[in-house]
Amino acid sequence: MYSMYQHTLLGAYINAIILLFLQRVLLLVASDVDALCACKILQALFQCDHVQYTLVPVAGWQELETAFLEHKDQFKYFVLINCGANVDLLEILQPEEDTFFFVCDSHRPINVVNVYNDTQIKLLVKQDDDLDVPAYDDIFREEEDEEEDSEDEGDGSEPSEKRRRFEEEVIERTMNRRQRREWEARRREILFDYEQYEYHGTSSAMVMFDLAWIMSKDLNDMLWWAIVGLTDQWVQDKITQMKYVTDIGILQRHVSRHNHRNEDEENSLSIDCMRIAFEYDLRLALYQHWSLYESLCNTSYTSASLKLWSVQGQKRLQEFLADMGLPLKQVKQKFNSMDVSLKENLREMIEESANKFGMKDLRVQTFSIHFGFKNKFSASDIVYATTSLMENIEKEGHETTNFIKALDSLSRGNLDKLHQGLDLAKKQLRAIQQTVASCICTNLVISQGPFLYCSLMEGTPDVKLFSKPVSLCLLSKYLLKSFVCSTKNKRCKLLPLVMAAPMDVEQGTVIMVGIPPETESSDKKNFFGRAFEKAAESTNSRTLHNHFELSIIELKTEDRSKFLDALISLLS
Amino acid sequence: SVGRRLLGAARCGAPQTTQRSGANRTEEMRQALEEMRALYERNQADVSEAKSGRTDLIFLIRFRHCCLLRNQRCLLAYLYDRLLRIRALRWEYGSVLPNTIQFHMSAEEVEWFNRYKKSLATYMRSVGGEEGLDLTQDIKPPKSLYIEVRCLKDHGEFEIDDGTTILLKKNSQHFLPRWKCEQLIRQGVLEHVLS
């Protein structure tokens, strides 16, 4: 009766077939790179099969609700990408009985109602993604009758018998009530444990690619988008190292399958054809589109390990470069103009020297794409470029214009947009590093007990950049990494970080994010979502939990201190 | 001169682009006709005088006649240009013109438009077998049955002939059969997205 909550991908395939015969589908897509990649793959599949769809970008819960209300009369089938899994969808949207939702979301934990609803909500989840959902009977219970009506009223039995039966019934009822209370208490505990920590499952882009593969409609382009989706999760530190390596392995098999023709000299493809290659590449952000020096300074891993915000750190950087035998002049040039002899064994050389300087993970498994003679991009390049385009503050257009531009930049025909994104990304990375350096040097990161706290003042250079959620999260992660390397306090190294930045000066709001502690074997589970909720409730702070990640909120500047106090006492 | 202004209007103004140039240049036309009438009357007077001996007026008469002809040419050019634009409207907008455009057309032009519409419809019915052939669709050879379009501005609800409505909000993207979108693409509401 209670069907399997995990819809296998075959089930999703069948559902996808059903979609073919539908009139039209509404796609609601969240604003992150993984969602954009999943969206591109799904669009390609729909276009292949002539499924009519409408695509609406949504940045948060309010936009999702608005879009749903506007379109519910015209659509019966909705596909939600990277949104909707972690809340009770039916409760929030109140849809009609004949409305169906297909949810492909990497946010975890998935709300139990969504999991156990087998009619209106269909989850697209990979088979081996362990959801850890509590058993059905532990959280749902049929409504039983409270009072068991004594049917034997008109029975004409003796009064003493009647009284005994009545007493028995009272005892039974009390026992039932006690059982019920126990059950409810246990249920609350189970749900609390289940929903306490937020984390991320498999990238939605990879799930979509799997769907395409099952339908035998996968293309190299879709594979690239899946790679970018996974890399986005890695750049934003949303998944563990182990999961990343496992997923890379999965994608590697697909890459070999699609791109093996290049290995054969005779039958190789034209240089203009798109090809993907596996790389054990340097973990330096945008280094092939920048100079090596800039990249070393603006990548969080190298900057934090070498402590580049201090004078000593700068000296260490010079030593590092000298150790590799790279002249400063060469290293400060554009990477493509560097001497070929220096570039030849660059990766191995850097890795060797990096090991001496305490940077053991300077290389990372990733993929790169080639098409034409000039166009070579690493997956992380695309992630940085697309993120910057999506959160571009330079032009004040319609709120969805940036989304559309970022979506376009993922197509190979729009190289100009991609290059624009790369330029913006360089600015963003520089701004992040400068802000991190100033925060560390001015001791802006303070320990509040159960967590570290840092607040950006209005008027800080580039502070506008950090009014956007993804940029602020990136800044927080880099700051935490750097702080951990800079502090001598052993206890502080294990603390999570809460970061605040001014969001809208006119309305007096602040954006606040909470990120988990930076440790080697971190499981990336974040408890700030629930913590923020509770703190807001208990202080009646005016907060807006609009973001799909519950650990990102907006609040009124005046309520900030009481909110923080409540948070401290909650987590102590 | 007035004629030159009318020609300028014909060259740059289209009935639907700007209010000012689209408006029937009734004022200028009236002035042109007024000018022509004045010239004509003076010519009439001078012709009778010339007939009765004053041959030196012949050149003046000739000159005025050239002006008259020129004005006539300008007026006709202007009116003809408007007609050509109105004809193009049928291909761009379809058989129902938006009110903002009809406002700028004179009654005769509306009449002409209706007759052109009818004539085109009759022709289209006669071509292509039983159902006729809608020539206003697929003006450029289509590459695919369905196309992806992006909405450039908030257009509200748009009803397609089979009854379904689409909400066109700025920056929403839609994947629809080509024939449903063509008109909106031509009007600049939707943009064909090539990927």
Side-chain angles (χ1 to χ4, degrees), chain A residues 19 22-29 31 36 39-59 63 66-76 79 219 221-222 225 390 397-415 417, chain B residues 93-94 96 98 100 128 131 133-195:
Chain A
L19 279 179
L22 297 180
Q23 262 307 296
R24 282 149 58 219
V25 181
L26 183 67
L27 292 179
L28 293 165
V29 183
S31 300
L36 260 67
C39 175
K40 292 281 296 182
I41 298 177
L42 191 58
Q43 276 182 296
L45 286 174
F46 279 163
Q47 286 173 12
C48 190
D49 288 322
H50 292 324
V51 175
Q52 296 180 51
Y53 65 85
T54 293
L55 166 65
V56 176
V58 290
E63 287 86 347
T66 316
F68 177 73
L69 289 172
E70 283 175 349
H71 290 96
K72 65 180 181 154
D73 296 324
Q74 300 134 30
F75 291 93
K76 289 271 165 272
V79 177
L219 296 170
D221 280 304
M222 296 184 194
W225 289 324
M390 223 170 33
H398 194 260
E399 52 202 26
T400 45
T401 309
N402 285 337
F403 177 96
I404 293 292
K405 218 170 183 182
L407 191 67
D408 279 346
S409 77
L410 288 171
S411 298
R412 275 184 292 132
N414 293 318
L415 278 177
K417 296 204 173 101
Chain B
Y93 278 93
V96 179
T100 42
E131 292 171 2
L133 182 67
D134 189 351
L135 291 169
T136 60
Q137 283 192 10
D138 293 335
I139 292 190
K140 286 202 205 108
K143 292 270 160 62
S144 58
L145 198 54
Y146 285 72
I147 52 171
E148 172 128 21
V149 290
R150 177 174 300 160
C151 194
L152 296 174
K153 42 189 163 179
D154 278 328
H155 190 74
E157 293 205 352
F158 175 62
E159 183 155 345
I160 326 175
D161 14 3
D162 62 358
T164 47
T165 42
I166 305 178
L167 180 63
L168 294 174
K169 284 197 92 174
K170 180 160 177 167
N171 283 333
S172 58
Q173 283 192 206
H174 310 265
F175 185 64
L176 298 167
R178 161 176 285 278
W179 50 272
K180 289 188 191 171
C181 325
E182 269 197 335
Q183 205 146 81
L184 286 173
I185 294 180
R186 267 180 284 185
Q187 288 175 24
V189 176
L190 294 179
E191 173 191 42
H192 185 17
V193 175
L194 309 141
S195 51

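Here is the naming used below: chain letters follow the sequence lines, and residue numbers restart at 1 for every chain.
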note = Rounded to the nearest 0.5 angstrom, the CG-OG1 distance for B/Leu167 and A/Thr54 is 8.5 Å
request  = Give a yes or no on this: more than 12 heavy atoms of other residues, nucleotides or ligands lie within 6.0 Å of atom NZ of B/Lys170.
outcome  = yes
ask   = Taking atom CZ of B/Phe175 and atom CD of A/Gln43, what is their separation to the nearest 0.5 Å?
value = 9.5 Å
Gap between atom CD of B/Gln173 and atom CZ of A/Phe403 - 0.5 Å precision = 8.0 Å
note = Ranked by heavy-atom pairs below 4.5 Å to chain B, first place among A/Thr401, A/Val56, A/Asp73, A/Leu410 goes to A/Thr401
ask   = Where does B/Ile147 contact chain A at under 4.5 Å (heavy atoms): side chain, backbone, both or neither?
value = neither
query = Any idea which heavy atoms bring A/Ile404 and B/Asn171 closest together, and the distance?
reply = CD1-O, 3.2 Å
task = Go through the structure and list residues passing side-chain contact (heavy atoms from CB on, under 4.5 Å) with B/Pro177, not counting sequence neighbours.
result = A/Gln52, B/Tyr146, B/Trp179, B/Lys180
task = Working to the nearest 0.5 Å, report the span between NE2 of A/His71 and OG1 of B/Thr165.
result = 9.5 Å
inquiry  = Rounded at 0.5 Å granularity, tell me how far CG in A/Leu55 sits from CZ in B/Arg150.
reply    = 8.5 Å
